[in-house]
Amino acid sequence: MTTPNDSGTRPRPADPGDLGRRVAHRRTQLGLTRELVAERGGLDPGFLEYLETHPVPVGVGTLTRLADALDTTVGCLLGGGRDVPSGHARANARVLLEELDPAACWAKLSPGGVGRVVLTAPRGLVALPVNYRVLDATILYRTVDDGTLARTAGDEVAFEADQLDEVFATGWSVLVNGTASVVSDEETVRWFRQHADSRPWAGGTRDTWMRIRPTGISGRIIRPDGPPIVAPE
């Protein structure tokens, strides 16, 4: 808890730094408590809490234990690979490729996040990233009122989202086919803002709500059938 300083203003909260944010984000992804991560990594829970909320210099040994406890790599915790596409780790030679049924596909999409809308433009097929939400088995996202995405109203489009875990050589991909439309009813838009507000990472004024009503959904998941192959140093 912060308290006013001598000048009567509240101090700004500490900046946890890139490492602290990545540790907290990965822990939340896995649904783990600080206590459990600390136990898995042989660390003090108080130190882990401080690390997630303050910039702290951390040695290689501690980083390695943290990465092991969070089922990731030191490079990922340090932000490595941000400028290259995912998938540079060597694939596992023993994998199971399975089809996802519709219920499993929606379960993968339901948390929302970032996906791609695939559409036909004058220059050909394009894929545009969007922040999306799932509501009542439809895909919702926001765009500018005169942009490429808004002009797809009434058109058949595709929507794709995926996830790749290079540490465990696993991944999934879901594809939705459907018709895009502009949501213009003010009451519906107001309800979306309250229950499914997906603020675009691209920023700017993007007040046009779009919805894809699916005509089909399919997906695949890759599961390892054995330990991943480790590339030589």
Side-chain angles (χ1 to χ4, degrees), residues 1-3 10-98 100 104 107-115 129 131-133 161-174 198-202 220-233:
M1 181 177 70
T2 59
T3 57
R10 290 185 177 274
R12 297 177 62 184
D15 183 348
D18 289 344
L19 176 59
R21 280 190 289 266
R22 290 195 179 93
V23 168
H25 178 71
R26 178 60 178 168
R27 180 176 61 78
T28 302
Q29 275 187 324
L30 298 176
L32 302 177
T33 64
R34 288 188 179 124
E35 289 73 19
L36 184 54
V37 172
E39 180 181 345
R40 292 173 66 172
L43 302 167
D44 181 83
F47 168 76
L48 184 58
E49 179 180 5
Y50 193 83
L51 172 66
E52 289 187 359
T53 55
H54 295 77
V56 182
V58 178
V60 174
T62 301
L63 273 174
T64 302
R65 293 200 299 276
L66 264 175
D68 289 343
L70 293 167
D71 294 333
T72 186
T73 66
V74 170
C76 287
L77 289 182
L78 294 177
R82 288 178 295 174
D83 296 327
V84 297
S86 301
H88 281 256
R90 183 174 296 183
N92 191 345
R94 298 181 298 277
V95 297
L96 299 174
L97 179 61
E98 301 175 357
L100 294 172
K108 293 294 186 185
L109 294 179
S110 62
V114 175
N131 294 81
Y132 78 94
R133 293 290 184 269
D162 54 45
Q163 181 60 266
L164 178 66
D165 189 328
E166 298 193 34
V167 176
F168 291 97
T170 61
W172 58 264
S173 176
V174 172
S198 53
R199 297 187 179 276
W201 282 22
R220 292 184 175 187
I221 188 168
I222 297 173
R223 304 183 189 277
D225 187 22
I229 298 174
V230 179
E233 298 292 338

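For Phe47, there are no ring-ring contact (aromatic ring centres under 6.0 Å, His included) partners two or more places apart in sequence or in a different chain. Listed by chain and number, the residues in a salt bridge (charged side-chain N to carboxylate O under 4.0 Å, His left out) with Asp68 amount to none (sequence neighbours excluded).
Residue Ala38 comes nearest to Asp44 through the heavy atom pair CB-C, 4.1 Å, listed as atom of the first residue, atom of the second, then distance. For the pair Leu66 and Leu48, the tightest heavy-atom approach, listed with the atom from each and the gap, is CD2-CD1, 3.8 Å. A pairwise comparison of heavy atoms in Ala69 and Gly41 identifies CB-N, 3.7 Å as the closest pair. Across all their heavy atoms, Tyr132 and Gly115 have their closest contact at CD2-N, 3.7 Å.
Side-chain contact between Arg22 and Thr72 is absent, with no heavy-atom pair separated by less than 4.5 Å. When side chains are defined from C-beta on, Leu51 does not count as touching Thr62, because their heavy atoms never get closer than 4.5 Å. Side-chain contact between Leu19 and Leu63 is present, with at least one heavy-atom pair separated by less than 4.5 Å.
Counting only residues at least two apart or on different chains, the side-chain hydrogen bond (donor to acceptor under 3.5 Å, both in side chains) pairs with a member in residues 30-40 are Arg34-Glu52, Arg40-Asp71.
Atoms CZ and CG, from Arg21 and Asp18 in turn, are 5.0 Å apart once rounded to the nearest 0.5 Å.
Checked by atom type and distance alone, the side chain of Arg27 pairs as donor or acceptor with a backbone atom of Leu32 at under 3.5 Å.
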